[in-house]
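In what follows, residues are counted from 1 in the order of the sequence shown.
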Amino acid sequence: MNPIWTNPIWLLLIFITCTAASLLLCGLAGLLFPKFRSGEHKPGTHRPDLPAGGREIKTIELPLVGGPAFTLAMIGTGVGAGYLLNFNNDQWTLLLIGLGATLGYAIVGFIDDWNKVYSNEGLSERAKFAGVFLVSIAAAALYFFLLPAGRESYSPYIDIPFLNKLICTPQHTLAIGNACQVVAGELPFFGWLIFLMIWTGIIGSLTSLSVDFSDGLDGLAGGLVFSAALALGIVVVGLIDPKHPDGGGIVLEVLSLLCAGAALGYLPWNWPSSWAARHRTSKRRAKLIMGDSGALGLGGILAMIAIFSRNEWLLLMIGGAFVLEGLSVVISARVMTRIFRHKLQILRFANSKDFVPHTEFPLPFLATPLHHHFDLLGIDRRRLVYAAWALGACFAALGVMVSFVEVSWQRYLGRILVLLLAGIIWSSGSWTKCYFVGKHPAERTRRRRLALYYGYPYRLMGIKLYHLVEIIEASEDVIETPAEELALWQRMNICDARSMLGLYCYRAGYYPAALAQWTRIPERNRTLRPEIARLLTEVDTRLALENQATQPMRRDQILHQQEPILAGNLPPADLPNPHEPVRSEETGGDGHSGSWPASSYATITEDEENQRITSPLRSDKSAILHFNGHANNTPPTTPSSRHTSQEALALETLQATQRTTILPRWLARLLGPFLK
């Protein structure tokens, strides 16, 4: 009689049940715990264009309840599946080890989330790594002592010279040739135990933390985990042997379906959108987030499935997106930045004693993890997440292909394709992080404006290797020397590009536009360029004189409250940054930033550009809108009428002041209406 799990309908029922339970529990958790939100403060330059001022920051985080909700859904559905499929003792042991490890990872993440909510600071990196490492080695020890499969060392480790003598005795090699049974009391018994615990600790920790790194945008981690779990489930199908119903393949298949179902049920509550903290007009579709508890739990169960099925090397290909996320953090932020701090000397700033920010270093990305790099480039978040899902699906499909093909050259071809795809994504960071200033449009020869691009200033077979970021007000007429002409189309970092654009706007007389460019540069980077400070002072002085800053302030100006600065507990990519184009609504009367609309700038057509008249120097709102190419319906005030009204106002104020200073204060207040 065939066991019940040979019918795929039961496996499909388990998947649907876990998905429905995850969907229901996530929605219920969002209703019951809407205030369980992160209050963590992340230091750094968040709004370089506005003063900090020590203001209270309003949180825009979502409830951190998605992870505990779908973890409970996985555990409940998994236990029910064990009873439904009538597991034996060894299968129950394997199932409980996998679910217990998932719960352990989730508990470590929940402690981190709890500290973020109630202590405003999560666990340190060392504490989090130590927690997930301890959970991993505990699961490996239980797997070794409680299950016969745990006491089998296997290929490729038994084929490595010197290591094979420590983990395998030749006379105990099994008939299948790729596994070796260790016997208690012998050296390989203890050698394999130590190796399995250390190896499981490394794989489990790195996988769970990589999934945690990828949880930076709405829906990103959930979609990637779903494709990876389905791929592992397809691979594990080959381990299911109906002739041996006591095998562990069906348990691993159930764990894979539980992981995929939990991620799928969570996604409707965390669906990606174009929302960002700097775009206040975009609607955020996500209602809750998984938090560290969910990310570590999902990453942990993926690692357990891969180790128990002996496919930990295949997990590198199936989870290639997670590998890129983790490597970007380790290499760029943890290795290169720390080495550059102490070993790299930038000759350009050799005579300066100021602190050199890491953004001046030749790092491969603008920010890490990897998805923050593309978010800083201004790519729409929804499209970015969809592209990441497609990338994860490609890695998963290639991993499945490598596991099923029989011909060796096809396996090597699949591995080469995985490495090639990962290399393209990795190298895209270096060729997109650099910006350059050029002329727009490049095809024309007369009356071109200067513009900011990122990428390479080339076309390959008609394909643009660059992207237009924004067009500034200054035209190519402001270029005065051959050296400045040669500086165009040369790749540089964003701070140098903003400095150059601000200088050209200043030279053309567009002072608010110049101020908008320079104030987008972070303060630390601006300190390394002292010429900007001098020009900023001059521009502020000119704008203050035009705004009549020396006149007495009105009551409504004193009582005006500015909107709170978005900083503090937001992820780096959620914050305004110097890499984003300067919007037309950003420049206010003082040149500083205002709202952050979701719509991008409008491209100026050739006819509008030819008919455009250069505006006189003024910094009121109508002038700035005119600088940005918008129509101004109100007729401009002539300089003579404006000066006449200002002189009359100043004379009236002076006369009123003289009348009130001659009389006593109480009498002047009493006779005030008659003296006007």
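Considering all non-hydrogen atoms of both residues, Val236 and Glu253 come closest at CG1-N, 3.6 Å. Contact record, Ser293 with Asp113: N-OD2, 3.2 Å, taken as the closest heavy-atom pair. Here the closest non-hydrogen pair linking Ser153 and Ile158 is OG-CG2, 3.5 Å. Minimum heavy-atom separation, Lys433 to Leu363: CE-O, 2.8 Å. Heavy-atom minimum distance, Met304 versus Ala139: SD-CB, 3.8 Å. Between Ala333 and Arg338, the shortest heavy-atom distance links the atoms O-CG, 4.4 Å.
The main-chain N or O of Tyr154 is never found under 3.5 Å from a side-chain atom of Arg310 such that the two would form a donor-acceptor pair. No donor-acceptor distance shorter than 3.5 angstrom exists from the side chain of Asn164 to the backbone of Asp159, with no hydrogens or angles considered. With Trp269 contributing its side chain and Leu23 its backbone, the two residues share a donor-acceptor pair below 3.5 Å. Looking only at distances, a side-chain donor or acceptor of Ser427 sits under 3.5 Å from a matching main-chain atom of Ile424. Checked by atom type and distance alone, the side chain of Ser22 never pairs as donor or acceptor with a backbone atom of Thr19 at under 3.5 Å. The backbone N or O of Gly291 sits nowhere less than 3.5 Å from a side-chain atom of Lys116 that would complete a donor-acceptor pair. Distance alone, capped at 3.5 Å, is enough to place a donor-acceptor pair between the Thr337 side chain and the Ser332 backbone. With hydrogens and angles disregarded, a donor-acceptor distance shorter than 3.5 Å links the side chain of Ser403 to the backbone of Val400. Using a distance-only test at 3.5 Å, with no hydrogens or angles considered, a donor-acceptor pair links the side chain of Asn270 to the main chain of Leu288. Not one N or O on the side chain of Asn311 forms a donor-acceptor pair closer than 3.5 Å with the backbone of Leu314.
With rounding to the nearest 0.5 angstrom, the OG atom of Ser256 is 7.5 Å from the CD1 atom of Ile301. Atom CG of Leu232 sits about 4.5 Å away from atom CD1 of Ile318, to the nearest 0.5 Å. Interatomic distance, Leu419 CG to Leu398 CG, rounded to the nearest 0.5 Å: 10.5 Å. The OG atom of Ser210 lies 12.5 Å from the CG atom of Asp215; values are rounded to the nearest 0.5 Å. A distance of 11.0 Å separates CZ in Phe189 from CD1 in Ile194, rounded to the nearest 0.5 Å. If you take CD on Glu152 and SG on Cys168, they are separated by 10.5 Å, rounding to the nearest 0.5 Å.
For Trp92, the CH2 atom counts as densely surrounded, since its 6.0 Å shell holds more than 12 non-hydrogen atoms of other residues, nucleotides or ligands. Phe404 CZ: more than 12 foreign heavy atoms inside a 6.0 Å radius.
Side-chain contact between Val335 and Val330 is present, with at least one heavy-atom pair separated by less than 4.5 Å. Looking only at side-chain heavy atoms (C-beta outward), Arg415 and Val402 come within less than 4.5 Å of each other. Between Ser38 and Leu64, the closest side-chain pair of non-hydrogen atoms falls below 4.5 Å. Here the side chains of Phe395 and Val418 are in contact, with some heavy-atom distance below 4.5 Å. Side-chain contact check for Leu298 versus Cys259: some heavy-atom pair is nearer than 4.5 Å. A heavy-atom distance below 4.5 Å is not found between the side chains of Gln181 and Thr169. Inter-residue side-chain proximity for Trp275 and Arg382 is flagged as unmet; no heavy-atom pair is nearer than 4.5 Å. Side-chain contact check for Lys287 versus Cys26: every heavy-atom pair is 4.5 Å or farther apart.
Taking the six-membered ring where the residue is Trp, Phe110 and Trp114 present tilted rings, their angle falling between 30° and 60°.
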Side chain to side chain contact (heavy atoms under 4.5 Å, CB included) between Phe365 and Trp426, worked out: CA-CA 9 Å; Phe365 307 106; Trp426 184 273; 3.7 Å; yes

Go through it in stages, so that I can follow the logic: the residues are Glu325 and Leu220, the test is side chain to side chain contact (heavy atoms under 4.5 Å, CB included), and I'd like the CA-CA distance, side-chain angles, deciding distance and then a yes or no. CA-CA 11 Å; Glu325 293 276 7; Leu220 178 59; 4.1 Å; yes

Begin from the C-alpha positions of Phe190 and Phe195 and carry the test side chain to side chain contact (heavy atoms under 4.5 Å, CB included) through to its verdict. CA-CA 9 Å; Phe190 302 100; Phe195 178 83; over 6 Å; no

How far apart are the C-alpha atoms of Tyr454 and Trp431, what are their side-chain angles, what is the distance that settles it, and do they pass the ring pair (Phe, Tyr, Trp, His ring centres under 6.0 Å) test? CA-CA 8 Å; Tyr454 72 77; Trp431 65 263; 8.0 Å; no

One pair to check against side chain to side chain contact (heavy atoms under 4.5 Å, CB included): Ile425 and Leu370. What are the steps and the verdict? CA-CA 9 Å; Ile425 301 301; Leu370 183 60; 3.9 Å; yes

Could you walk me through whether Phe226 and Tyr266 pass ring pair (Phe, Tyr, Trp, His ring centres under 6.0 Å), step by step? CA-CA 10 Å; Phe226 175 73; Tyr266 160 76; over 10 Å; no

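Counting only N and O atoms by type, the side chains of Trp192 and Tyr157 include no donor and acceptor under 3.5 Å apart. A donor-acceptor contact closer than 3.5 angstrom is absent between the side chains of His373 and Ser428.
Because its NZ or CZ atom is not both nearer than 6.0 Å to the ring centre of Tyr386 and within 45° of the ring axis, Arg383 does not count as a cation-pi partner of that residue.
Arg285 and Asp218 are not joined by a salt bridge, as no carboxylate oxygen comes within less than 4.0 angstrom of a charged side-chain nitrogen.
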Only pairs under 3.5 Å count here: list side-chain donor-acceptor contacts from residues 68-82, not counting sequence neighbours, and write none if there are none.
| residue | atom | partner | partner atom | Å |
| --- | --- | --- | --- | --- |
| Thr71 | OG1 | Gly67 | O | 2.7 |
| Thr77 | OG1 | Ala73 | O | 2.7 |

Do any side-chain atoms of residues 93-106 form donor-acceptor pairs under 3.5 angstrom with protein atoms, and if so which ones, sequence neighbours left out?
| residue | atom | partner | partner atom | Å |
| --- | --- | --- | --- | --- |
| Thr93 | OG1 | Asn89 | O | 2.8 |
| Thr102 | OG1 | Gly98 | O | 2.9 |
| Tyr105 | OH | Ser136 | OG | 2.4 |

